[in-house]
S.K.: 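Pasting a structure below so you can have a look.
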Protein chains: 4
Amino acid sequence: MSDILLAGYEPFGEFERNPARQLAIRLDGDRIGDATVIGREFPVVFDRLRPELEAAVDEHDPEIVCGLGLAAGRNALSLERVGINLRDTGGIPDNDDREPVDQPAVHDGPNAYFTTLPVRSMKEAMLEAGVPTTLSTDAGTHACNNFLYLTRHLAETSDRAFRAGFVHVPFSHEQAAARDDGEPSLALEAMRDGLLAGLEEAVGTP
Amino acid sequence: MSDILLAGYEPFGEFERNPARQLAIRLDGDRIGDATVIGREFPVVFDRLRPELEAAVDEHDPEIVCGLGLAAGRNALSLERVGINLRDTGGIPDNDDREPVDQPAVHDGPNAYFTTLPVRSMKEAMLEAGVPTTLSTDAGTHACNNFLYLTRHLAETSDRAFRAGFVHVPFSHEQAAARDDGEPSLALEAMRDGLLAGLEEAVGTP
Amino acid sequence: MSDILLAGYEPFGEFERNPARQLAIRLDGDRIGDATVIGREFPVVFDRLRPELEAAVDEHDPEIVCGLGLAAGRNALSLERVGINLRDTGGIPDNDDREPVDQPAVHDGPNAYFTTLPVRSMKEAMLEAGVPTTLSTDAGTHACNNFLYLTRHLAETSDRAFRAGFVHVPFSHEQAAARDDGEPSLALEAMRDGLLAGLEEAVGTP
Amino acid sequence: MSDILLAGYEPFGEFERNPARQLAIRLDGDRIGDATVIGREFPVVFDRLRPELEAAVDEHDPEIVCGLGLAAGRNALSLERVGINLRDTGGIPDNDDREPVDQPAVHDGPNAYFTTLPVRSMKEAMLEAGVPTTLSTDAGTHACNNFLYLTRHLAETSDRAFRAGFVHVPFSHEQAAARDDGEPSLALEAMRDGLLAGLEEAVGTP
C-alpha cells in the first residue's frame with residue numbers, strides 16, 4: 001500500500017483564495033488505484049518548507065510527493081518538468097515576509113532537478129479526461145519552484161525513494177469571477193478530475 | 001407565460017464542436033422563473049439567418065432572443081453590448097462558403113443596434129454565480145455580430161416586442177483539451193450556470 | 001491645399017506619458033502629399049472635447065480629422081472602424097474626474113458612426129511600410145470611442161465636409177521599458193512611419 | 001583586447017526571417033568598450049551546434065559568448081537565466097529534420113547551467129536604454145535552450161574561460177507586419193540598442 005502526498009500551497013500575496021490548497025483538501029482521502037491521497041496545506045514560507053516536507057514524508061512515507069501552486073494567468077494545468085536552484089521573489093514576499101533575491105534553494109545543491117513523475121503520459125491522460133493540461137519548463141523562482149527543487153533534493157539525499165513533481169494550477173472560475181479582471185481560469189471540478197487522471201497515470205507507471 | 005429563444009451556432013470553420021450549440025441544446029426546456037428556454041441550433045450561414053430567425057420568432061413568440069457563439073481565445077462569457085451593420089468574414093467563410101467583405105448586414109439599416117438585455121445587471125448576477133463574465137463592445141464582424149444586429153433589427157422593424165442580446169462563449173474545457181493548443185476555456189457546466197443566472201436576471205428585469 | 005488635423009490625447013489615469021500626444025506633436029507640420037499635418041494635443045475630458053474639436057475644425061478647416069489614443073495591451077496600431085454612442089469609463093475617470101457610466105455621447109444621436117477613412121487600404125499601406133497594424137471594431141467606451149463618435153457626428157451635422165477616423169496606439173518601447181510590466185509596445189518611430197503611410201493613403205484616396 | 005561572440009540563429013520552421021540572425025550580422029564589428037562584436041549566423045541544427053561553437057570559440061577566443069534566438073509571441077528581449085539538459089522539439093524539427101523528444105543535450109551532463117552573464121544589471125541597463133527587457137527562466141527545450149546549455153557546458157569542460165548567455169528576441173516590426181497575425185514585436189533598431197546596452201554592461205562587469 002502506498003500514499004500520494006498532495007501538498008497544496010496556502011493563500012499568499014494578493015490572493016485570498018488558493019485553488020492549490022482547495023484541491024489538496026478536496027482530494028484528501030481519495031483512492032487512486034492502490035494508493036491513498038494525503039492532501040495537505042503547505043505554508044508559502046521558504047524557511048518552513050523543508051522541515052514541514054521532511055516531517056510529512058517521515059509521517060506518511062509516500063510513494064509520490066506532488067506539489068500544487070497557483071500560477072496566475074495560465075490557461076491550463078501545468079506539469080512542471082524542472083525545478084532550479086534559485087530563489088527570486090520578484091517583489092512578492094513569502095508569508096513570513098522574506099524576499100530572497102537570487103539566492104539558492106540549497107547551498108551547493110545542483111543547479112536543477114527534473115521531475116521524476118511521468119509527466120508526458122500524465123499530460124496525455126489528463127487531456128484524455130478533457131482537462132486542459134500542458135508541459136512546462138518554467139516553474140518560476142518563487143515558492144513553487146522551491147517546492148519542486150526541494151522535494152527532489154530530499155528524494156536524492158535521503159533514503160526515501162519517493163517520486164516528486166509539481167503542478168501549477170490556474171485561477172478557479174469562482175476566483176476569476178470574484179477578481180473580475182479578465183483572467184483565464186479552470187473549473188475546480190475539472191482541475192480535480194485532471195489531477196486524479198494524472199496521478200492515476202503516475203501510480204500506474206512506476 | 002413567456003419563452004426565451006436561445007440560439008446556439010453550429011460548428012464552423014476549423015471548429016468541429018461548438019459549445020454555443022451544446023449550451024443551447026443543454027438548456028432547452030429549462031424553466032427560468034415563468035419562462036421556458038427554447039434551445040435551438042442555428043446555421044452559420046449569412047443568407048439563412050434572417051428567415052430562420054423570423055420563423056423561430058413566429059413560432060415561439062419569445063420574450064427574449066439570445067444568441068450564443070464561439071469566440072476563440074476569450075477567457076470569459078462575453079455579454080455583447082452592440083451589433084454593427086457590417087459583415088467582414090476575414091478569411092473564414094460561412095458554412096455556405098460565403099465570404100462577405102465590408103458588406104452591410106441590412107442595406108440602409110442603421111449603423112448599429114445596442115442590446116436590449118440588461119447586460120450590466122446580468123454580468124453581476126453571473127459573476128455572483130461564480131462564472132467569469134465580462135461586458136464586451138466587440139461582437140466582431142462575422143456571424144455573431146450579424147446575429148445581434150439582425151435580431152435587434154427584426155425587433156425594431158416587426159411588431160414583435162422581444163428583447164435581444166448575444167453572448168460570446170469561450171472554448172469548453174473538453175474542446176481546449178482536444179485542441180491541445182494552450183488556449184483559455186470554461187467548463188461547459190459553468191457556462192450553463194452563468195447563462196441561467198444571467199437569463200434569470202434578464203427575465204426578472206423587464 | 002488641405003490639412004490633416006491629428007489630435008493626440010494627453011496623459012491620463014495611471015499613464016504619465018501618452019505616445020498619442022507625442023506622435024501628434026512629432027508629426028505637426030509634416031507634409032503628406034498636398035496636405036499639412038496639424039498635430040495637436042487634446043484633453044481627456046468628456047465635456048471639453050466637443051468645443052475644442054469644433055474650434056480646431058473652425059480654425060483649420062481640415063480635410064481629415066484623425067484622433068490618436070493609447071490602448072494599453074495592444075500589439076499593433078489599430079484603425080478603428082466604428083464609434084458608438086456610449087460612454088462607460090469603467091473605473092478610469094477622465095482628467096476632470098468625470099466617470100460617466102452607460103451615458104450616450106450625444107443624446108438622441110444615432111447608435112454608431114463608421115469611420116470615413118479608407119481603413120482597409122490604409123492598413124495595407126501601413127503593413128507595407130513594415131508597421132504592425134490591424135483593423136479594429138472595438139474603440140472601447142472611453143475617451144477614444146468618444147472622439148471617433150463625436151468627430152463623425154460633427155461631420156454629419158455641420159456643413160464641414162471632413163473625413164474622420166481614430167487610431168489606437170500601443171505603449172511606446174520607452175514607456176513599456178519604464179513600466180517594466182511585460183506589456184507589448186511599438187517603437188515611436190515605427191508608429192510615426194505607420195501613421196505617415198496610412199495618412200498618405202487616406203489623402204490619396206478621396 | 002577581447003571579443004564578444006554574438007551568435008544569431010538562422011531562419012527555421014515557419015519563419016522565413018529571423019531577427020536573431022539579422023541582429024548578429026548588424027552588430028558584427030561594433031566596438032563595445034574594449035571589446036569587438038563578432039556577429040555570426042548559427043545553424044538551427046542540433047548536431048552541428050557543438051562543433052561550430054567549438055570552432056568559433058577556438059578561432060576567436062571570446063570573453064563572452066551570447067546566443068540570440070527568436071521567441072514568437074514574446075513582448076520583450078528576454079535574458080535567459082538557465083539552460084537545461086533537455087531536448088524536446090515539440091513538433092518543430094530542426095533544419096536537418098531532426099526532432100529529438102526528451103533527449104539530453106549532453107549525456108551524463110548536469111541537469112542545468114545558469115548563465116554567467118550579469119543578467120540582472122544587464123536588464124537594468126537595457127531598460128534604462130528604453131528597450132523592453134525581462135529576465136526569463138524559460139529558454140524552452142529547442143535550439144535556444146540547447147545553445148545556452150551547450151555553451152555553458154563548453155565553458156565548464158574546456159580550458160576556455162568565456163562567460164555565456166542567451167537572449168530571446170521577439171518578432172521584428174517588419175516581420176510582424178508581414179505575418180499580419182496580431183503578434184507582439186520590437187523594432188529591430190530597439191533590439192540592437194538594447195543588446196548594445198546589455199553587452200556594454202556585461203563587458204564592464206567582469
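Chain identifiers are assigned alphabetically (A, B, ...) following the order of the sequence lines, protein sequences preceding nucleic acid strands; residue numbering begins at 1 within each chain.
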S.K.: Write down the atom of A:Y113, the atom of D:N111, and the distance for their closest heavy-atom approach.
M.R.: CA-ND2, 3.7 Å
S.K.: For chain D, which of A:V101, A:L86, A:T141 has the most heavy-atom pairs under 4.5 Å?
M.R.: A:L86
S.K.: Counting heavy atoms not belonging to D:E10, are there more than 12 under 6.0 Å from its CD?
M.R.: yes
S.K.: May I ask you to check whether over 12 heavy atoms, not counting those of A:E128, lie within 6.0 Å of atom CD?
M.R.: no
S.K.: Taking every heavy-atom pair that is under 4.5 Å apart, which of D:N85, D:L135, D:I84, D:T137 has the most such pairs with chain A?
M.R.: D:T137
S.K.: With a cut-off of 6.0 Å (strictly less than), are more than 12 heavy atoms of other residues, nucleotides or ligands near CD of D:E41?
M.R.: yes
S.K.: Which region of A:N145, side chain (C-beta onward) or backbone (N, CA, C, O), has a non-hydrogen atom less than 4.5 Å from a non-hydrogen atom of chain D, or is it both or neither?
M.R.: neither
